[in-house]
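Report on the following structure.
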Amino acid sequence: MGLFTQIITLPLAPVRGAVWVVDRVREAAEEEYYDPAPVHRALAELEARLTSGEIDEETFDRREDELLDRLEEIMAYRAGIGR
């Protein structure tokens, strides 16, 4: 961007700055939402609860399916970003 363009578009600088901040916040939120670590921890905790007898097999199976579906969603999202 040349000096002339910068001078002409100077009134738009606050808008560009706000857009940049919104983009960074969105990226951080997506990174947190699509982080597989909490799902892995939840799976480990779920298995521990089954082993300790705190939950029954049916509850374990249902929750495990939910967590594995979430993990598949995360992996699909991350595979799509790498393209």
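Positions are given from 1, in the same order as the sequence printed here. As a basis for the values below, the full set of heavy atoms in this structure was taken, side chains included, without hydrogen atoms, waters or symmetry mates.
In this structure, Arg41 CZ and Leu46 CG are separated by 14.5 Å, a value rounded to the nearest 0.5 Å. Atom CD1 of Ile7 is separated from atom CG of Leu3 by 4.0 Å, given to the nearest 0.5 angstrom. Distance check: Arg78 CZ to Glu30 CD gives 11.0 Å after rounding to the nearest 0.5 Å. Distance check, rounded to the nearest 0.5 Å: CD1 of Ile55 to CD of Glu47 gives 10.0 Å. A distance of 13.5 Å separates CZ in Arg16 from CG in Asp23, rounded to the nearest 0.5 Å. In this structure, the separation between OH on Tyr34 and CZ on Arg70 is 6.5 Å, given to the nearest 0.5 Å.
Counting heavy atoms of neighbouring residues, nucleotides and ligands inside a 6.0 Å radius, atom CD of Glu27 exceeds 12 of them. Counting heavy atoms of neighbouring residues, nucleotides and ligands inside a 6.0 Å radius, atom CD of Glu66 exceeds 12 of them.
A 4.5 Å side-chain heavy-atom check between Asp56 and Leu50 finds every atom pair outside the cut-off. In this structure the side chain of Leu71 reaches within 4.5 angstrom of the side chain of His40, judged on heavy atoms. A heavy-atom distance below 4.5 Å is not found between the side chains of Glu31 and Asp35.
By the rule that hydrophobic residues join a cluster once side-chain heavy atoms approach within less than 4.5 Å of another member, Trp20 and Val15 end up as members of separate clusters.
Shown here are the side-chain hydrogen bond (donor to acceptor under 3.5 Å, both in side chains) partners of Arg49, two or more places apart in sequence or in another chain: Glu54.
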